[in-house]
Protein chains: 2
Amino acid sequence: MARQPRSRRERPSKPALSREGIVEAALHLFHQEGLAKVTMRRVAAVLDTGPASLYVYISDTEDLHAEILDALLAGVAVPSSSADWRGRLKGTLRSYMAVLFEHPELARMAMSTMPSGANYLALVETILALLNEGGVPDADAAWALDLLLLYATAQAAEKAAWKASSRSPSEFSSLTVAIEAADAEALPNITRLSGDLLSGGGDRLDWAFDVLINGVLAARRAETKA
Amino acid sequence: MARQPRSRRERPSKPALSREGIVEAALHLFHQEGLAKVTMRRVAAVLDTGPASLYVYISDTEDLHAEILDALLAGVAVPSSSADWRGRLKGTLRSYMAVLFEHPELARMAMSTMPSGANYLALVETILALLNEGGVPDADAAWALDLLLLYATAQAAEKAAWKASSRSPSEFSSLTVAIEAADAEALPNITRLSGDLLSGGGDRLDWAFDVLINGVLAARRAETKA
DNA sequence: ACCTGAACACCGTTCAAGT
DNA sequence: ACCTGAACACCGTTCAAGT
């Protein structure tokens, strides 16, 4: 009654390791338990091997995390041509931020990891195309891309940090406390603006995007204004 | 010949623990070995005690690192009134960025830690005062502060990440590789702009600051332009 | 070439017990 | 109240050895 006697291993085909397989396992772990648990040791455990085995395909923990970020970036949606280029640009940036914001830990990672995967490149391509449609000269577009992406990423990271702050749920942040306790004589501007500083404001993001886009468009005209 | 027989400990006055003392030790460690070595265990070792002892004064590793960031921020210089407000604003931001840039690990920390120490508040006060001098309305100034500081921090973090990239010294980043290898048909804009994208450019920072400042000044006039 | 066990050199945080 | 030893539950990375 021996069945399949040609192999006596329990799981006859423990799949061979590969970068894709490792990334898949990492992604699974990420969705299940968050970025903090995506460690070399844990991913290796999922694949039923030791951490050392991963180093054939993955150079670093950072390498692994970058792969997760790019996978998530597949979820960035580009608004279809319903709106003008400015609207679509804002929509794209908002979608990018939404992805980062859904995963607080990811946002801060995006600040330091400098993604370079296929999905990130697609996002870059989309933004460049929109700027081109808006008449931004190529040389300016490259710098504008940086400005827009940097702002969106940083803003998402900040919001995410605020969201994930286990620090003091009631008082938004220690900054709030510091501002409210600010010495009115030494820090008159902070005292006077304390309300505005802590408002957060619903249209702040839209305001910022317009500041950036208008600024870029204005810079186009007068290139050498010093 | 017994000298000072009233105590037989080697170091008769191991100084009592205090938040200040702990921060001082952490700062020392930071300057000596970098942020990565500023761990609870190592700081405790410097103070000749165990890690558990620190938790009376320090809530977190994050708490400890935030304290280091604020201490470093004491080095931010505000240009004296030689230039106009715009020049002084740019100078202040540049000085802030220079501090972060000197310590690569610190820059990325600044993105996620949301400083709230005395030196950070002083920086905020300075920027608000300059915006006020430039005629930016209070409500706008609060948002502009955020925009400027976020950009400066993010840019410093990005530069720092690039600087500290042990990844591939010859090829700046994997992004460079990805861009150069980009499929010309699928990613036409990236291909066309690849030179500009990788240039880095010397006046990029100045260009960005002007985009931001001009954008803020323009937003003041037409508050509800949609 | 690929995979692995085992080791090296660390971490943050908690807690019961002491002073 | 403050301080501590010891433990708990982990890390990343390397390397000699195996297949």
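Numbered from 1 within each chain, the chains take letters A, B, ... in sequence-line order.
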Less than 4.0 Å between a side-chain N and a carboxylate O, is that true for B:Asp206 and B:Arg94?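 Yes, charged N to carboxylate O under 4.0 Å.
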Please confirm whether the backbone N or O of A:Leu35 pairs with a side-chain atom of A:His103, one donor and one acceptor, at under 3.5 Å?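 Flag not set: sc A:His103 to bb A:Leu35 has no pair under 3.5 Å.
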Using only atom types and a distance under 3.5 Å, with no angle test, would you say the side chain of A:Arg41 pairs donor to acceptor with the backbone of A:Pro51?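 No.
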Does the plane of the ring in A:Tyr151 sit parallel, tilted or perpendicular to the ring in A:Phe209? Use 30° and 60° as the thresholds.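 The rings of A:Tyr151 and A:Phe209 stand perpendicular, inter-plane angle above 60°.
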Check whether any side-chain nitrogen or oxygen of A:Tyr57 sits under 4.0 Å from OP1 or OP2 of C:dC3, and answer yes or no.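 Yes, A:Tyr57 has a side-chain N/O under 4.0 Å of OP1/OP2 on C:dC3.
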Determine: side-chain N/O of A:Ser53 to OP1/OP2 of C:dT4, distance under 4.0 Å, yes or no.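 Yes, within the criterion.
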Among A:Asn119, A:Leu121, A:Leu123, find the residue that satisfies the side chain to side chain contact (heavy atoms under 4.5 Å, CB included) test when tested with A:Asp70.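 Exactly one candidate clears the test, A:Asn119.
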Decide yes or no for A:Tyr96 and A:Leu149: does some side-chain heavy atom of the first lie under 4.5 Å from some side-chain heavy atom of the second?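 Result yes, sub-4.5 Å side-chain heavy-atom pair found.
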Is the number of heavy atoms from other residues, nucleotides or ligands under 6.0 Å of A:Glu24 CD greater than 12?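 12 or below, so no.
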Step through the shown structure and confirm whether more than 12 heavy atoms of other residues, nucleotides or ligands are within 6.0 Å of NE2 on A:His31.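 For A:His31, atom NE2 is crowded (more than 12 foreign heavy atoms under 6.0 Å).
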Footprint string (nucleotides 7-13 of chain D, 5' to 3'): B base within contact, S backbone only, - free, heavy atoms under 4.0 Å: B--SBBB
Find the runs of at least 3 consecutive base pairs, i with j, i+1 with j-1 and so on, that include DNA chain C, using Watson-Crick or G-U wobble geometry with both distances under 3.5 Å.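 C:4-8 with D:12-16, C:12-16 with D:4-8 - these are the stems of 3 or more pairs that involve DNA chain C.
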Please state how far atom CG in B:Leu17 lies from atom P in D:dT4, giving the value in whole angstrom units.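 My rounded result for the distance is 6 Å.
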B:Asp48 has an atom CG; how far is it from atom C1' of D:dT4, in whole Å?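 It is 12 Å, rounded to the nearest whole Å.
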Same-atom distance (P) from D:dC10 to C:dA9, integer angstrom: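 23 Å, rounded to whole Å.
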